[in-house]
Q: 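Structure in structure tokens, see below.
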There are 2 protein chains.
Amino acid sequence: MIKANQRAKDYETHLRAAGVRMTKQRLAILRVLAETRSHPDANEIFHLAFAVDPSISLSTVYRTMRILQERGAIQRHAFDDGRARFEHADGEHHDHLIDVETGKVIEFRSEKIERLQAEIAAELGYEIVRHKLELYGRARPMKGAARPATKKRAS
Amino acid sequence: MIKANQRAKDYETHLRAAGVRMTKQRLAILRVLAETRSHPDANEIFHLAFAVDPSISLSTVYRTMRILQERGAIQRHAFDDGRARFEHADGEHHDHLIDVETGKVIEFRSEKIERLQAEIAAELGYEIVRHKLELYGRARPMKGAARPATKKRAS
DNA sequence: ATGCTATTAAGAATGATTTGCAACTAGGCC
DNA sequence: GGCCTAGTTGCAAATCATTCTTAATAGCAT
């Protein structure tokens, strides 16, 4: 994961520039976030970061996630399972398809959908600030190609 | 609200048919659900139901909401504010536009969006079980028509 | 290195939701 | 109508995710 390392550095640079103090706990969290391509909850982040720096506590994870969210460095999601899940916000917006059987989260992005949403909001007299689209689905008995990997682009 | 009364009766009939015992507490909840066009949380339902039948307790609200959800009689939403909000699932699916300033929830439905979602899921090898689309927006300085009412139909 | 201040760990506090349990009741059966 | 029993209830205690309090610690500008 060479890219992850770079991303961690980028995070650090940006946050420092914004006047955020870099403690070893925060660095551990940034590393963890940079390395994962999934959508961990606070507890998962805590355990992963603990492996990097055992001096970290769960409250610090929560505090830091809040700061990162305020700075726009991460996104907080509230899927239907109750707890908050986090994901780094490295630029590009995308939506989620959640496998109802395995809980697996697949990311995708569709320009058509984005456009349509803006149109609908406009018709209702609104301007979209952000949005959340979650598809909950069941994998179909494969017809041809192999099961798609994590990041997909749809029409 | 004559329709609401009918809806409450329908709920009751269906649930009875499914072998669910009808207690006065459950009837109170069904009445409340049938009468509201908003998205109350457990506590709000509790207070409203309490007005109908003061023997009800909050735990019963939670227990009942779970049963209704399992039976498909209601939908549980997890908007970004943390707690669960409920809404009767009387047939027609719709999505939500949440006013970021007032918290007001506007319902809408777009066939185009529905179709597009199915297509996207299909491309990823999935079949949609359910989905959730939430637009968070800001009201635009009205250009012509009046502010739209609660249930809208978009393109 | 020093000092000021932000940040931390730990645990207590909070808010939403669930659960354990003894008392109660809906609804099938006579 | 009354009986019976499994399902349901209210209440309080338990759990879960998250936030707050506080005394101690550690960035980082100088």
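From a predicted model like this one, the values you see are computed outputs, not experimental measurements. Lettering of chains follows the sequences in order, A, B, ..., and the numbering in each one begins at 1.
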Q: Could you list, one pair per line, each protein nitrogen or oxygen that sits under 3.5 Å from a nitrogen or oxygen of nucleotides 13-17 of chain D, together with the distance?
A:
none

Q: Applying ring-ring contact (aromatic ring centres under 6.0 Å, His included) between B:His96 and each of B:Phe108, B:Phe79, B:Tyr136, report the one that passes.
A: B:Phe79
Q: What residue pairs, at least two apart or across chains, pass ring pair (Phe, Tyr, Trp, His ring centres under 6.0 Å) with a residue in residues 47-70 of chain A?
A: A:Phe46-A:Phe50
Q: Go through the structure and list residues passing salt bridge (Lys or Arg N to Asp or Glu O under 4.0 Å) with A:Arg16, not counting sequence neighbours.
A: A:Glu12
Q: Below 4.0 angstrom from OP1 or OP2 of C:dT17, is there any side-chain N or O of B:Arg66?
A: no
Q: Output every pair passing salt bridge (Lys or Arg N to Asp or Glu O under 4.0 Å) with a member in residues 41-60 of chain B, not counting sequence neighbours, ordered by first then second residue.
A: B:Asp41-B:Arg83
Q: List the residues meeting side chain to side chain contact (heavy atoms under 4.5 Å, CB included) with A:Asp10, not counting sequence neighbours, and say none if there are none.
A: A:Gln6
Q: As an exercise, state the distance from OG of B:Ser38 to NZ of B:Lys104, rounded to the nearest 0.5 Å.
A: 13.0 Å
Q: Enumerate all atom pairs, one protein N or O and one N or O from nucleotides 25-30 of chain C, separated by less than 3.5 Å.
A:
unit_1: C:dA26; atom_1: N3; unit_2: B:Arg21; atom_2: NH1; d: 3.3
unit_1: C:dG27; atom_1: OP1; unit_2: B:Arg16; atom_2: NH1; d: 2.8
unit_1: C:dG27; atom_1: OP1; unit_2: B:Met22; atom_2: N; d: 3.1
unit_1: C:dG27; atom_1: OP2; unit_2: B:Arg16; atom_2: NH1; d: 3.4

Q: Applying side-chain hydrogen bond (donor to acceptor under 3.5 Å, both in side chains) between A:His94 and each of A:Glu87, A:Gln75, A:Arg109, report the one that passes.
A: A:Glu87
Q: In whole angstroms, how far is the C1' atom of C:dT8 from the CG atom of A:Asp53?
A: 11 Å
Q: Closest to the A:Ser59 side chain: D:dT18, C:dT8, C:dA10?
A: C:dA10
Q: Starting at CZ of A:Phe46 and ending at P of D:dT18, how long is that distance when rounded to a whole Å?
A: 14 Å
